[in-house]
Amino acid sequence: MKKLLFVVYALAAISLLAPSAGFAQDWENRIGIYTTPDPVDGRADVFAPTANFPFNVYFVLTSPTFDDGSPVDQVDAFEFRVTIGPATSGIFKLSQTLWPSSLNIGTDSNPFNAEYAVGGAIPQPVANGAVLLMTWNLMVTNTSVPYYFYLNPTSAPAFPGFLAFNYPAIGINNSVLVPCTPSSGDGVTPVFALGDLTIPTEYDTFGGVKALFR
């Protein structure tokens, strides 16, 4: 319980931090949804689900860096909003997995419009240039329509106009809030698709200059 109370205090403190002055390009400071928790060697932004068969999708922050280009080695908080469209039924979020000893103070019960402002008592290390933020276990009952996933800022973002993550450094007073963008480059372009395989399915490393859906 003490750890969770700490998380609540940490999340409240995030809104008071001095934000980073800018954001990096390419795959630096991008949050995307993937079929693997480690999209370093290859990533898939599309997936053909089987009806009534559960599967996982992974929310991953890639190449977190500071303004000067130096890498971030740990993350203890993040925020974004997930929406799914255009369908409003036929897909179910069976469960979600957040970091150990973490808490989401956003409203996440509806997978078609879920908000996350998550803080963790235990900072998560960045490994191979990526850090897993969250896992959804999904099931689709209607495979006749595609589902497109979008990432956007929350309704009350700590960094207006952006997704964000927090670097804990040493103590809350030294933390750095860093703005992020969706892996697609903007909030109106999907970061992930289910059932629409007309979108190119080539694999690429997140260090490349090309992104699917662009």
Side-chain angles (χ1 to χ4, degrees), residues 1-20 23 29-34 36-39 54-62 64 66 72-84 91-127 130-139 149-183 187 191-192:
M1 180 61 70
K2 289 183 178 179
K3 285 187 176 181
L4 291 180
L5 286 175
F6 170 80
V7 171
V8 173
Y9 296 145
L11 285 168
I14 285 176
S15 62
L16 301 178
L17 298 176
S20 173
F23 60 92
N29 297 341
R30 296 287 186 105
I31 297 177
I33 303 175
Y34 305 95
T36 169
D38 183 5
F55 59 93
N56 287 340
V57 296
Y58 304 91
F59 295 74
V60 180
L61 168 64
T62 56
F66 297 112
V72 171
D73 61 0
Q74 58 182 341
V75 174
D76 73 343
F78 63 87
E79 66 168 38
F80 52 74
R81 178 166 62 96
V82 188
T83 57
I84 306 175
I91 184 170
F92 297 90
K93 183 177 70 173
L94 303 179
S95 65
Q96 69 182 24
T97 303
L98 298 171
W99 298 329
S101 301
S102 67
L103 179 69
N104 179 32
I105 61 174
T107 302
D108 58 17
S109 59
N110 178 10
F112 288 91
N113 187 11
E115 293 205 351
Y116 291 89
V118 175
I122 304 172
Q124 300 299 299
V126 177
V131 57
L132 176 64
L133 304 179
M134 176 175 63
T135 303
W136 276 9
N137 184 247
L138 301 175
M139 185 176 70
F149 291 65
Y150 305 83
L151 294 179
N152 279 283
T154 64
S155 56
F159 198 105
F162 294 94
L163 324 181
F165 72 86
N166 189 65
Y167 172 68
I170 303 174
I172 287 295
N173 292 333
N174 293 325
S175 295
V176 177
L177 184 65
V178 181
C180 304
T181 55
S183 60
V191 298
F192 187 77

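In what follows, every heavy atom counts, from backbone to side chain, and hydrogens, waters and symmetry copies are set aside. All values derive from a computational prediction rather than experimental measurement.
Partners of Y150 by ring pair (Phe, Tyr, Trp, His ring centres under 6.0 Å), not counting sequence neighbours: none found. The ring pair (Phe, Tyr, Trp, His ring centres under 6.0 Å) check on F165 picks up nothing, with sequence neighbours excluded. By the side-chain contact (heavy atoms from CB on, under 4.5 Å) test, Q74 is found to be paired with P123, Y167, P168, residues two or more places apart in sequence or in another chain being considered. Residues satisfying the side chain to side chain donor-acceptor pair (under 3.5 Å) criterion with E115, sequence neighbours excluded, are S155. The side chain to side chain donor-acceptor pair (under 3.5 Å) test applied to N152 returns no partner, not counting sequence neighbours. The side-chain contact (heavy atoms from CB on, under 4.5 Å) search around F92 returns L94, T141, not counting sequence neighbours. Residues that satisfy the side chain to side chain donor-acceptor pair (under 3.5 Å) test with N56, not counting sequence neighbours, are Y58, N137.
Partner of F59 under the ring pair (Phe, Tyr, Trp, His ring centres under 6.0 Å) criterion, out of F149, F192, W136: W136 alone.
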(request) Please lay out, stage by stage, how N104 and L98 fare under the test side-chain contact (heavy atoms from CB on, under 4.5 Å). (result) CA-CA 9 Å; N104 179 32; L98 298 171; 4.1 Å; yes
(request) Check step by step if side-chain contact (heavy atoms from CB on, under 4.5 Å) holds for V191 and Y34. (result) CA-CA 9 Å; V191 298; Y34 305 95; over 6 Å; no
(request) Given side-chain contact (heavy atoms from CB on, under 4.5 Å), test V60 with L133 step by step and report yes or no. (result) CA-CA 6 Å; V60 180; L133 304 179; over 6 Å; no
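At a threshold of 4.5 Å between non-hydrogen side-chain atoms, the residues Y116 and T154 do not count as touching. Considering only heavy atoms from C-beta on, D108 comes within 4.5 Å of Q96 through its side chain. You'll find the side chain of L61 reaches within 4.5 Å of the side chain of C180, heavy atoms only. In this structure, the side chains of L163 and P182 come closer than 4.5 Å at one or more pairs of heavy atoms. In this structure, W99 and V75 have side chains that are in contact, with non-hydrogen atoms separated by less than 4.5 Å. Looking at F159 and V178, their side chains never come closer than 4.5 Å, going by heavy atoms from C-beta outward.
With rounding to the nearest 0.5 Å, the separation of CG in N29 from OG1 in T62 is 8.0 Å.
Nearest heavy-atom pair across P125 and V131 is O-CG2, 3.8 Å. Taking all atoms of both residues into account, the shortest heavy-atom contact from P153 to G161 is CG-C, 3.5 Å. Closest of all the heavy-atom pairs between E79 and P157 is OE2-CA, 3.2 Å.
Residues R30 and T181 bring a donor and an acceptor atom of their side chains to less than 3.5 Å of each other.
Between F80 and F78, the ring planes are parallel. Angles under 30° get that label, and only those over 60° would be called perpendicular.
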